[in-house]
Each structure stands twice: as C-alpha cells, then as structure tokens.
Amino acid sequence: MQLSKELNTAIALARTAGKAIMEFYDSDFLVEEKTTKDNHTEPVTIADKTASKIIVEGLLKEFPDDGILSEEETDTHHRLDKKRLWLIDPMDGTKGFVQKNGDFAVQIGLAEDGEMKLGVVFLPFENVLYFASKGNGAFVVENDESPKLLQVSAKTDFTEMILAVSRDHRSPKMSRVDNHFGFSQEIQRGSVGLKIGLIANQICDIYIHLSPRTKHWDSAAPEIIIKEAGGNLTDLFGDTILYNTSDVHNHNGILATNGVSHEKAVKSLRPLLTQFGRLRIQTIR
C-alpha cells in the first residue's frame, strides 16, 4: 500500500504544528484545566488548541472523506462510519510543555479498518522526527539531517534491559513491576511517543504503562513506528489495540517492547496484574 501523500502530509503538518507550539513555549501562556469523560482534570493550553486546528484543517483539506479523532476536538462519532481514521494528539505531554522541560510531541496516525497504517511523532523542542508506514520501515530525522532507519535492540534478559518510564506517573505498583523484572536501569521521560522513540532508537528496550487512562491518540502513531522498527506494542495482556472504536480509552494499559522480549514480558506481567486486581476489559466497538 502506497501512502506517500498521506505520510508527507502528516509530516508537514506535524512540523507546522510543532513550529506553532514553540512560538508559545517561551511566552506567558494561560494554562486551563479540562475535565475528561472519566472525571479527571488535565492541563490544556492555547498551544494544544492551535496545533489541533492546524492539523485537523490540513487533513480535512487533503483527505475530506477520512474520519478525524483529535484530543482537542469534539468527537461526533461520525468517524465510526469511515474506513480510514486519522488519530491526532496535537501535543502529547502538555505537562512537559507547561513545565518547560521539553518532553512533548505532536502525534499523527492513520488507521484503516482499525489497524495502524502510518504514524508521525515530532518532538519540537529537540527537532526530532519519527515516522513510519506499514511495510516500509521506521525512520528518525534528527536536526533536519538525512533519515536514519530504526531498529530495536535484541535483548531478552530483563536484567540487561532499560525501562522507559513516565516522569509524572510513578506509583508503588510501578515500583513493584520494576523490582519484579529487575531492569538494569530506567529513563524517565514524558510523552508516550517520546518513550516509544527511545525504544525504536535502542536507547531503551521496554515501556510498561499500567494506567488505564491513556487514549487511542496517545498510542496510535507510536504503535506503527515501533512495529516497523521491529518491536511491538499491545495492551498489558498482549492483545492488539483496535482503533476507531466508540470507546477510545486504553483500559488495559500499554506494553511496548523490542519485540523479541514481548511474549516473555506479557507472561511476567500476568501474576502482577492479578495481584493488582486488573482484569482484561473488552473493547466496545
């Protein structure tokens, strides 16, 4: 399947949105609190909204027949009737943007019949671009240099593996997971896309996100990138995430690995999930 127009459009829009985000980065922007459907509050800024507008309008102009799902736009569910769906997180890691630590990313993914076909993750602060399309490999562009093919590590011994972990979501349960696996070290960064990039680039080897609160736009673009780099991304139970469903929550968490260790990681997690009282939740189409 040739998706060159789709990929080039997504890359251009991610870079344009990233440039707009950086124009707000050093300013005194207002931070608002939005309440999600599960009654949690999250920060949102004018940068999130501006980036979303740029990406959504750009995609609708080029692909008017496709569905759109963006974190910062109202979900009308009209997308459920579409074969193709664009999943957009205009700024994954808004906390990193607010705290000005550089950990945020623009994420754009395209799914067809619920399966990811392409993804773009752009880190505006670092000027690092990850992109992939199904069957064509995953690449990284650093500081506008030539694209470099990505390939995950081949480690299978957890005691030799490096864990990518969130900056702001550390919990006693995550500490138990870390101790159970015996990882050699961990790297704390924000944004799902950023952490998946670390695995694809062999800086880390595994990412375990226990929380049920991420959404499809958090995992969509990163999924195809890590898979095309030879890794894997599923829920914590090892099940494939199906996109373009009415419920967009990743209720069963996220597990991303270098691929060769994935099944072993799923099995190692199983007793801990039982202890935590985590039961597999079926996807609502």
[Y] reachable from [X] in the ILVMFWY side-chain graph, under 4.5 Å edges:
X      : Y      : answer
Leu279 : Ile208 : no
Ile281 : Ile241 : no
Leu30  : Met91  : no
Val140 : Ile203 : yes
Leu150 : Val260 : no

- If you draw the axis of the six-membered ring of Phe63, does the NZ or CZ of Arg84 fall within 45° of it and under 6.0 Å from the ring centre? yes
- Query: Within 45 degrees of the axis of the six-membered ring of Phe158 and under 6.0 Å from its centre: does Lys264 put its NZ or CZ there?
  - Reply: yes
- Message: So for atom NZ, which belongs to Lys100, do other residues, nucleotides or ligands contribute more than 12 heavy atoms lying within a distance under 6.0 Å?
- Response: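 Yes, enclosed.
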- Query: Is the number of heavy atoms from other residues, nucleotides or ligands within 6.0 Å of NZ (Lys53) greater than 12?
  - Reply: no
- Query: What do the steps show when you test Glu112 against Lys82 for salt bridge (Lys or Arg N to Asp or Glu O under 4.0 Å), and what is the final call?
  - Reply: CA-CA 9 Å; Glu112 185 172 317; Lys82 305 290 186 177; over 6 Å; no
Point-to-point distance, once rounded to the nearest 0.5 Å, from [atom1] of [X] to [atom2] of [Y]:
X      : Y      : atom1 : atom2 : value
Asp239 : Gln282 : CG    : CD    : 8.0 Å
Gln185 : Asp205 : CD    : CG    : 9.5 Å
Leu85  : Trp217 : CG    : CH2   : 11.0 Å

Any chance the side chains of [X] and [Y] put a donor and an acceptor closer than 3.5 Å?
X      : Y      : result
Arg167 : Gln99  : no
Glu73  : Ser52  : yes
Asp247 : His251 : yes
Thr240 : Thr234 : no
Asp48  : Thr45  : yes

- How far apart are the closest heavy atoms of Pro124 and Met22, and which atoms are they? CB-CG, 3.7 Å
- Query: Which atom names give the shortest non-hydrogen contact between Gln202 and Val152, and what distance separates them?
  - Reply: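 Taking every non-hydrogen atom into account, NE2-O, 3.4 Å.
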- Message: Tell me if a side-chain donor or acceptor on Asn244 pairs with a main-chain N or O of Arg79 at a distance below 3.5 Å.
- Response: yes
- Sub-3.5 Å donor-acceptor pair from the side chain of Thr274 to the main-chain atoms of Arg270, do we have one? yes
- Task: List the steps and the verdict of salt bridge (Lys or Arg N to Asp or Glu O under 4.0 Å) for Lys215 and Asp92.
- Result: CA-CA 11 Å; Lys215 314 292 196 306; Asp92 182 41; over 6 Å; no
- Query: Is there a side-chain contact between Leu236 and Leu210, using heavy atoms and a 4.5 Å cut-off?
  - Reply: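 Leu236 reaches Leu210 side chain to side chain.
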- Message: Could you walk me through whether Lys134 and Glu115 satisfy the salt bridge (Lys or Arg N to Asp or Glu O under 4.0 Å) test, starting with their C-alpha distance in whole Å, then the side-chain angles of each, then the deciding distance to 0.1 Å, before giving a yes or no?
- Response: CA-CA 10 Å; Lys134 190 170 179 61; Glu115 180 186 353; 3.1 Å; yes
- Give the intermediate values and the outcome of salt bridge (Lys or Arg N to Asp or Glu O under 4.0 Å) for residues Glu223 and Lys227. CA-CA 6 Å; Glu223 177 183 313; Lys227 284 186 173 180; 3.1 Å; yes
- Identify which one of Asn8, Leu59, Val120 satisfies the side chain to side chain contact (heavy atoms under 4.5 Å, CB included) criterion when paired with Leu13. Leu59
- Item | Name of the residue among Ser191, Ser219, Pro90 meeting side chain to side chain contact (heavy atoms under 4.5 Å, CB included) with Gln107 |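 Result: among Ser191, Ser219, Pro90, Ser191 is the only option passing the side chain to side chain contact (heavy atoms under 4.5 Å, CB included) with Gln107.
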- Go through Ser184 and Met161 one step at a time and tell me if the side chain to side chain contact (heavy atoms under 4.5 Å, CB included) criterion holds. CA-CA 6 Å; Ser184 66; Met161 295 170 70; 5.7 Å; no
- Measure up the Phe104 and Tyr25 rings against each other and bin them: parallel (under 30°), tilted (30 to 60°), perpendicular (over 60°). tilted
- Between Phe29 and Phe97, ring centroids under 6.0 Å: yes
- Query: Are the ring centres of Phe131 and Phe139 closer than 6.0 Å?
  - Reply: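 For Phe131 and Phe139, the ring centres are under 6.0 Å apart.
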- Query: Is the shortest side-chain N to carboxylate O distance from Lys267 to Glu263 below 4.0 Å?
  - Reply: yes
